[in-house]
Amino acid sequence: MIKTVEEIQSKLDSGDAVVLTADELKTKFRNGEEVSVDDVDVVTCGTSGVMSGTTALFHIPVAEPGSFNKAKEVYLNGIPAYPGPCPNELLGTVDVILYGTNHSTTIENYGGGFLIKDLIEGKEIDVKVIDVEDNEFNTTVTLEDLPTARLIGTRNAFMNYSSFTNPDKVSVKSIFNAAPLEGPYNSFTFSGCGEINPLQNDPEQKIITKGTKVLLNGAEGVVIDNGTRSTPEKPNLMLTADMNDMKSYYCGGFKTGMGPEIFNSVAIPIPVLNENILENLKVLNKDISLPVCDIHGRHLPIATVDYTVWEDVDYRPTTEPDMCFNCIPCLPALYCPTNAYDKDTKTVNSELCFGCGYCSMVCPRGIPSINMGSISIEAEGKTRKIDVTCRQSDKKRALDISEELKTKILDGSFKL
Ligand code: SF4
Ligand code: SF4
């Protein structure tokens, strides 16, 4: 059977279409259920993870028109942003590009990802402008004050990721872990949401292509094109959406061994038009390989595991505050990449938690605890069982955003 997008949309409009999340569809396959093109019309896939290739474009009112000729330097909560390309000469406003990975010069462990979350939450941010004549202008703004606030993901929602371990005795600082990666073979960090990841379910990009509508951090957005360094074997996407429509839960900063990074969440609908598209949707975690690389070489796999790393594990930690030592400092609170761990109550803020698992690694009493699973690889002539020590993708948010997209498609607020 062959269907068209228009036919599926009209079934949706009349309330007759079947929409499943990728997770619901995979559960059917895992249970051995037969699913045909007749049985499902749309599948919503999702991913959430650290996505360094993320930038924001802002237009910011700063001072009265004529008060300065042109901005030379701009800082948002101390984070350097790049003025231009439009000079906005004598208008008292600036266009800036802010990288999600830029770090604040005034606030410790704060960067572009945290700033974008703060803006979406409606918080006030400080703006400092130095003009071409070295005069300084300061103001504060909220998202409402910005005529343009648009997120542009230059490399988002990868299909294939590499995971990392450290074979060496000396720990290594990297953007792939919340703190230095301990060795030898003592830590393992990975990204990607496996079988529910959008591109993993459409590897030939028959559906996900230039112009495809997406949910980016909860806002309706679009695929501009494939992202930078995208290849047919390792595709990723360039996406954009208006920050005014985003939900702060789906994005934010993430502290790593090399300073704060940024995470986003993306959901993409796959209309089930024919057998070939359904066949691609049958991919399961066990079918998706995850190369394990030496953090030193980065692109040289030393072994391969698969995305069953997401099976039989917890997505969030639990805590037992009564057993706490009250040590100073409280390491989970110090190292939590998203500032979700409360050092006073020893509890986890569920709106902020990313499920990375790092808190359970660093607490000497195991007050926060989470089952993150482990991998087993052959390396240097030995079988090595390595505990998963950090996850840089969040399966829970990926499930949440794919569920949200399903709801929007069914209630008609997101048209295919
Ligand atoms: S590190 Fe662990 S035991 Fe120490 S204060 Fe924090 S939660 Fe309590
Ligand atoms: S799992 Fe722990 S360290 Fe990671 S975000 Fe949640 S509270 Fe923070």
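As the structure lists them, so they are numbered: ligands from 1, and atoms in each ligand from 1. Along the sequence shown, the residues carry numbers beginning at 1.
Using a 4.0 Å cut-off between charged side-chain N and carboxylate O, K396 and D314 make no salt bridge. K72 and D134 are joined by a salt bridge, as a carboxylate oxygen and a charged side-chain nitrogen come within less than 4.0 angstrom of each other. Ion pairing between E404 and K247 holds under the 4.0 Å rule for side-chain N and carboxylate O.
For the residue pair D411 and S413, a side-chain donor N or O sits within less than 3.5 Å of a side-chain acceptor on the partner. A donor and an acceptor atom, one from each side chain of T44 and S402, are nowhere located under 3.5 Å apart. A donor-acceptor pair shorter than 3.5 Å cannot be found between the side chains of N276 and N274. A donor atom on one side chain and an acceptor atom on the other are found under 3.5 Å apart for Y185 and E380. Inspection of the T383 and E378 side chains reveals an N or O donor paired with an N or O acceptor under 3.5 Å. D400 and Y249 share a side-chain donor-acceptor pair at under 3.5 Å.
Near atom 4 (Fe) of ligand 1, less than 2.8 Å away, sit the protein N, O or S atoms C327 SG.
Around atom 4 (Fe) of ligand 2, protein N, O or S atoms at less than 2.8 Å number 1.
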